[in-house]
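Data block below; observations after.
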Amino acid sequence: MKVRNKGKLANDSGVLSAYRPAPLVKPQGLISRVVGTVQRFLKKPPQAKTTEQGSGIASVLTAYQALWAQRWERQQYVADCELLLLEDPRMRRSYLKYVNEACRGGFKFKIDSSTGIGKKALDLAPKIEKMMTTQLMEGMGMRLMKTGDLFAQAVVFNDHVVACKPMPTVGMERLSDDADEIIDPNRAFAQVDITTWQDLCSWPTGLMCHVRWNHDPGSRYGIPEPLASRRQWRLLKLAEESVVVGRMTRAYTSKRINIGTAEDRGTQEDIDAWKAENGYVEGKREIFDPVEVARDYIGDGSLDITVLEGNPHQHEIEDVLHLQDALLSSSPTPGAIYGLQSKDINRDVLEDQRSEWLKDTRHINDAMDEVIRFIFDLELMLNGIDPELVNYSIVWTTSSVERPAEHIRSIIDTYQAGLASRRTALMKLRQYTEFEDIETELTMIEEEAPLRETPWKDGNRPSAEKSPAMKQTASPGTNGKVTPGPAGDRYDSLLHN
């Protein structure tokens, strides 16, 4: 199209002119330096010096044809799984609840800083924690489950990791053989055009993290979680649509109207006249129009109206409920947790289901651990630190089956017993309070410490004599009754809300 308007296509809203093709040429000095750094720390023994035998490709003659079949099949089932989660609100909520529960608390690095290398790693950790936001991990977790694969690209600038960029699953390829062995580490992943299947760009192993869901060892890609749900979803859609159509066609009440009697039958002229008088005329608003006002009929003896009831079994939908239960059995979150299938489930069974479900969400944490470790290890290597020499772990904030008041009490008891620091206690209490910044809160506590007792000591509130901010005052309209000030209720209110 050659018609242009101030440098833009005439019918372009801005999307086409803003298109940025994938750059085929990058500064090779930077990429070579990064790849060299990674490969220097990650060395594998040469295959010729091991006992490994056999070819990764079953047949060279059919390898290319098999690749094309795999590409189209993968593209199709990824599209099916994405459509399922877009159209069915039950399944979408089940997946979102699963991923959000796993990632909502975020993570922290726990690093042994007793050595010089550990202290250097500790200085690099906050940047990675800030980079890997909860929203980013929830999005990556959702993509991993619904497509089966997550390709997370590490973006490096000035010898530092500056971003983690998830790539679109369809179009990304893992350049491995049929035994899932990457032959060339400098060209391990590629992005291809999904129409022409031509290469757009490629990545070495050190700049792309590939996480696979439901992975079968030896296979190239993972398996989407909703893949096995497609058949049940189609059957449920068909059953629900048939119920709606049945109610539209069979549930309404109809009437049989006789003009005349058995002895004195009405003529066609009598029938037409009655229909014209009572609104049963084709092309006009008819009496069975749902927006027509209901009316009664009055006859002179020659009119007989018999009411024909609709299908009395429209409320029986056990078959639909069975298909819904079968569909939800393949979803990651039990339906009873968000209001489905909870009719015949008692509280104890529901609590057991929730407890098992919370354990199951750790699978998303394990998958995100791979990405976080990949990014952090790369940052360490770019700073000249061997990740194998750094003793660190990734700690996720986990949920509990305890009620909020019980959880708060257990946190306070742990702090009083000296088994947790004040910082850790505040971090765990943050979800129940309005703390905006832990560091600010700790500073305020230290400043107030000389004026009051420790607020959690023996469960007693600070005395008003030692802290003017805690003085009790009489509120207007309370007949002189003293009520504690807001500072005095600051911690006690946690146990009563």
Side-chain angles (χ1 to χ4, degrees), residues 19-26 31 34-35 38 56-57 63-86 95 99 132 136-156 161-227 364 367-375 378:
Y19 170 71
R20 183 182 62 180
L24 298 179
V25 180
K26 280 286 187 178
I31 293 182
V34 173
V35 173
V38 173
I57 299 179
Y64 188 66
Q65 288 80 0
L67 177 61
W68 272 80
Q70 183 188 60
R71 283 170 168 173
W72 287 110
E73 180 186 29
R74 180 166 170 255
Q75 185 175 354
Q76 182 58 53
Y77 68 60
V78 167
D80 285 349
C81 293
E82 289 184 336
L83 181 63
L84 189 158
L85 296 185
L86 282 175
Y95 278 75
V99 175
M132 305 299 292
L136 175 62
M137 290 187 292
E138 288 177 352
M140 291 194 298
M142 191 67 176
R143 178 175 298 183
L144 173 63
M145 291 190 69
K146 71 180 180 181
T147 65
D149 295 277
L150 171 63
F151 294 88
Q153 176 188 178
V155 182
V156 178
V161 180
V162 295
C164 176
K165 179 181 179 181
M167 302 298 294
T169 303
V170 177
M172 289 296 299
E173 291 192 342
R174 181 183 178 91
L175 306 182
S176 61
D177 58 18
D178 290 353
D180 195 35
E181 183 73 20
I182 293 178
I183 307 302
D184 184 5
N186 294 320
R187 193 173 182 274
F189 304 96
Q191 185 178 21
V192 298
D193 188 300
I194 60 174
T195 304
T196 63
W197 300 110
Q198 293 180 342
D199 285 2
L200 298 178
C201 52
S202 61
W203 291 266
T205 53
L207 292 178
M208 182 69 69
C209 178
H210 182 200
V211 184
R212 293 170 280 192
W213 189 259
N214 295 327
H215 180 233
D216 181 16
S219 59
R220 188 173 287 134
Y221 300 108
I223 301 174
E225 186 71 15
L227 191 61
I364 287 290
M368 292 300 103
D369 278 355
E370 290 189 45
V371 181
I372 296 169
R373 287 184 178 275
F374 170 79
I375 296 294
L378 178 58

Would you give the length of the straight line joining atom [atom1] of [X] to atom [atom2] of [Y], rounded to the nearest 0.5 angstrom?
X: Arg74; Y: Ile223; atom1: CZ; atom2: CD1; answer: 12.5 Å
X: Thr205; Y: Arg187; atom1: OG1; atom2: CZ; answer: 13.5 Å
X: Ile194; Y: Leu200; atom1: CD1; atom2: CG; answer: 10.0 Å
X: Phe151; Y: Arg212; atom1: CZ; atom2: CZ; answer: 8.5 Å
X: Tyr95; Y: Ile364; atom1: OH; atom2: CD1; answer: 10.5 Å
X: Thr147; Y: Trp213; atom1: OG1; atom2: CH2; answer: 11.0 Å

For the side chain of Asp216 and the backbone of Ser219, is there at least one donor-acceptor N/O pair under 3.5 Å apart?
no
Do side-chain atoms of Arg220 reach the backbone of Ser176 as a donor and acceptor pair under 3.5 angstrom?
yes
Are [X] and [Y] side-chain neighbours, meaning at least one heavy-atom pair lies under 4.5 Å?
X: Leu227; Y: Asn214; value: no
X: Asp180; Y: His215; value: yes
X: Gln70; Y: Tyr221; value: yes
X: Trp203; Y: Met172; value: yes
X: Val371; Y: Val211; value: yes
X: Gln191; Y: Pro168; value: yes

Measure across [X] and [Y] and return the closest heavy-atom pair with its distance rounded to 0.1 Å.
X: Leu207; Y: Phe374; result: C-CZ, 3.7 Å
X: Gly222; Y: Asp149; result: N-OD1, 3.1 Å
X: Arg143; Y: Met167; result: NH1-O, 2.8 Å

Holding to side-chain contact (heavy atoms from CB on, under 4.5 Å), I want the full list of residues that pass it with Leu136, two or more places apart in sequence or in another chain.
Met132, Thr133, Met140, Cys164, Pro166
Side chain to side chain contact (heavy atoms under 4.5 Å, CB included) with Leu85: which of Glu225, Lys146, Met145?
Lys146
How would you list, by chain and number, every residue that makes a salt bridge (charged side-chain N to carboxylate O under 4.0 Å, His left out) with Glu173, sequence neighbours excluded?
Arg71
